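Computation of the quantities below employed the complete heavy-atom set of this structure, encompassing side-chain atoms and omitting hydrogens, waters and symmetry-equivalent molecules. Sequence lines set the chain letters: A, B, ... in the order given, protein chains first and strands last, and positions in each chain run from 1. Note that the structure is predicted; figures quoted are calculated from it, not measured.
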2 protein chains.
Amino acid sequence: MPEAAIEERRDEGERAPLTRERVFEAALAVVDDDGLEALSMRRLGTALGVDPMAVYRHVDGKDAVLDGVAGLLWGELPPADAGEDWADGLRSFARGVLGLFRRHPHAAPLLIQRFVLPRPALEAVHAHLEALRAAGLDEPRAAQIIRSLLSFAMGYGLAEVTCLGEPGLDGWERMSERERLLCMARGLPEGVPGHLIDAAAAVYAECDPEACFESGLELFLAGVRAQCAEGMRARRAR
Amino acid sequence: MPEAAIEERRDEGERAPLTRERVFEAALAVVDDDGLEALSMRRLGTALGVDPMAVYRHVDGKDAVLDGVAGLLWGELPPADAGEDWADGLRSFARGVLGLFRRHPHAAPLLIQRFVLPRPALEAVHAHLEALRAAGLDEPRAAQIIRSLLSFAMGYGLAEVTCLGEPGLDGWERMSERERLLCMARGLPEGVPGHLIDAAAAVYAECDPEACFESGLELFLAGVRAQCAEGMRARRAR
DNA sequence: ACCTGAACACCGTTCAAGT
DNA sequence: ACCTGAACACCGTTCAAGT
């Protein structure tokens with residue numbers, strides 16, 4: 001009865017057999033808890049209750065681990081809802097991408113810096129591409145819109161998350177304006193004139209990050225809507 | 001005559017006295033040439049023709065070096081042109097930010113991941129904030145627009161640059177579509193169905209990066225223009 | 001045949017030992 | 001008083017020596 005044997009091993013705690021999946025999950029846990037810099041192959045091994053070098057048996061090296069963690073993150077992207085129209089779909093998509101950054105602030109750089117295209121990301125891109133084409137856009141234009149929107153969501157997410165600074169801080173949204181100002185002050189050079197501090201404060205500390213993202217999203221979608229209407233008109237004329 | 005002494009030292013090559021500036025410049029050169037991962041305090045020291053530990057005398061540690069390199073990059077941002085109206089100003093700003101990423105693909109992550117706000121960045125933010133207010137927007141709305149646009153430009157830049165992959169590759173724009181496809185294939189999981197590959201190709205390989213950035217920028221600016229008109233109308237009604 | 005863990009060539013940073 | 005460079009506590013990765 002092999003299942004019993006597996007069960008038994010599982011009871012021993014960390015002694016369950018290693019899988020690529022288990023390695024990636026442990027790595028993500030380390031990063032979530034203590035930051036990207038805390039992730040080392042040795043620490044990963046001990047986190048798994050295993051000889052550190054045993055990890056190499058399941059994974060090609062540290063780069064492969066980082067790619068794997070990025071894959072896990074993309075796996076948390078909510079799938080596209082076929083019931084939504086293209087605009088609601090793109091809204092959900094952008095919010096979903098931003099959510100990945102917010103849920104995993106320490107791991108977030110991996111989303112943009114490891115060039116992996118896991119299936120959940122591809123499925124979403126495909127679905128929204130189709131929705132835009134159905135709304136009257138040709139493929140190149142639809143692709144540009146997806147790429148721009150993705151850039152916006154990822155750039156916004158990464159910028160928000162790096163404002164947070166070191167591991168252990170609470171989310172930027174949950175900070176008071178005063179805390180945000182202090183946090184921002186770390187990034188300011190000394191002896192900066194007051195009007196420049198005010199400008200930085202307006203953009204980084206006083207600016208409500210949720211409202212800012214939503215308004216940027218709406219500006220963009222309004223532009224897309226205009227393009228779609230144009231596309232439909234052109235299609236009807238044909 | 002101290003100037004002669006300095007001149008003499010300069011002739012000895014790398015033996016000129018260390019400055020924070022010189023340290024940062026050497027660090028940027030290393031990163032530009034061989035990538036972020038190649039930058040170590042030891043390598044930095046030898047690049048400067050100096051005992052590696054001497055660097056610590058001028059700089060707090062590696063984090064300070066990375067912040068300094070980020071500062072150098074922001075220093076290359078073209079200053080805002082007072083003669084431009086708000087729309088041209090924002091266009092130039094976004095293109096200028098993207099240019100930083102493209103000129104320094106290996107150092108680019110520092111622009112978004114080190115939370116420094118050097119003067120050139122602050123001056124630009126201030127100038128465009130003022131321009132938007134003059135165009136009829138209140139400060140919170142203007143700040144949201146700057147922040148969104150900056151997120152878009154940085155997200156676009158970083159995504160483009162990480163698509164490039166390892167140090168030594170030429171720019172994405174200079175690659176043929178075929179090369180781009182191959183590059184993208186590295187990021188694809190195996191056994192992905194064809195329609196998903198097509199979607200990825202549309203967004204990453206076939207999509208002209210220049211046209212995509214420009215069209216995203218225009219979509220966004222069109223939205224801002226509508227908001228400005230609204231703001232002006234409200235102001236006149238008051 | 002398999003897996004462990006010693007060993008290699010690196011890190012960032014400190015600090016005592018020399019001048 | 002100053003600066004060098006040895007030393008410490010880590011890395012990622014390999015591979016031979018054991019079972």
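- Remark: the backbone N or O of V203(A) is paired with a side-chain donor or acceptor of R147(B) at under 3.5 angstrom.
- Spacing between atom CE of M41(A) and atom P of dC10(D) amounts to 18 Å, rounded to whole angstrom units.
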Worksheet item: So what's the dot-bracket for DNA chain C: Watson-Crick or G-U pairs under 3.5 Å, [ ] if a pair crosses, | if it pairs off-strand?
Response: ||.|||||...|||||.||
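- Taking atom CZ on R43(B) and atom P on dA9(C), their separation rounds to 19 Å, with Å as the unit.
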Worksheet, complete the sentence: Nucleotide by nucleotide, nucleotides 3-8 of chain D touches protein heavy atoms under 4.0 Å in the pattern (B base, S sugar-phosphate only, - none) SSBBB-
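- If you take NZ of K62(B) and C1' of dC10(C), they are 12 Å apart, rounded to a whole angstrom.
- Rounding to the nearest 0.5 Å gives a distance of 6.0 Å between CG of L149(A) and CG of L217(A).
- The neighbour count for D81(A) CG, taken as heavy atoms of other residues, nucleotides or ligands under 6.0 Å away, is above 12.
- A salt bridge does not link E214(A) to R91(A): none of the charged side-chain nitrogens sits closer than 4.0 Å to a carboxylate oxygen.
- L39(A) comes within 4.0 angstrom of sugar-phosphate atoms only, judged by non-hydrogen atoms across all strands, and of no base.
- What separates CG of L44(A) from P of dC10(D) is a distance of 17 Å, to the nearest Å.
- Once rounded to the nearest 0.5 Å, the distance linking CD of Q113(B) with CG of L158(B) reads 7.0 Å.
- Atom NE2 of H58(A) is separated from atom P of dC2(C) by 13 Å (rounded to the nearest Å).
- For the C1' atom pair drawn from dT13(D) and dT13(C), the interatomic distance equals 23 Å after rounding to whole Å.
- dG12(C) and dT14(D) are spaced 23 Å apart, taking the C1' atom of each and rounding to whole Å.
- Using a 30° and 60° split on the angle between ring planes, H126(B) and H195(A) fall in the perpendicular class, above 60°.
- Counting heavy atoms from C-beta on, the side chains of V59(A) and F24(A) come closer than 4.5 Å.
- Put simply, the side chain of T46(B) gets close to the backbone of R43(B): a donor and an acceptor are under 3.5 Å apart.
- Salt-bridge formation is not detected for the pair D32(A)/R103(A): no Lys NZ or Arg NE/NH1/NH2 atom is positioned less than 4.0 Å from an Asp or Glu carboxylate oxygen.
- With C1' as the reference atom, dC15(C) and dT19(C) are 16 Å apart, rounded to whole Å.
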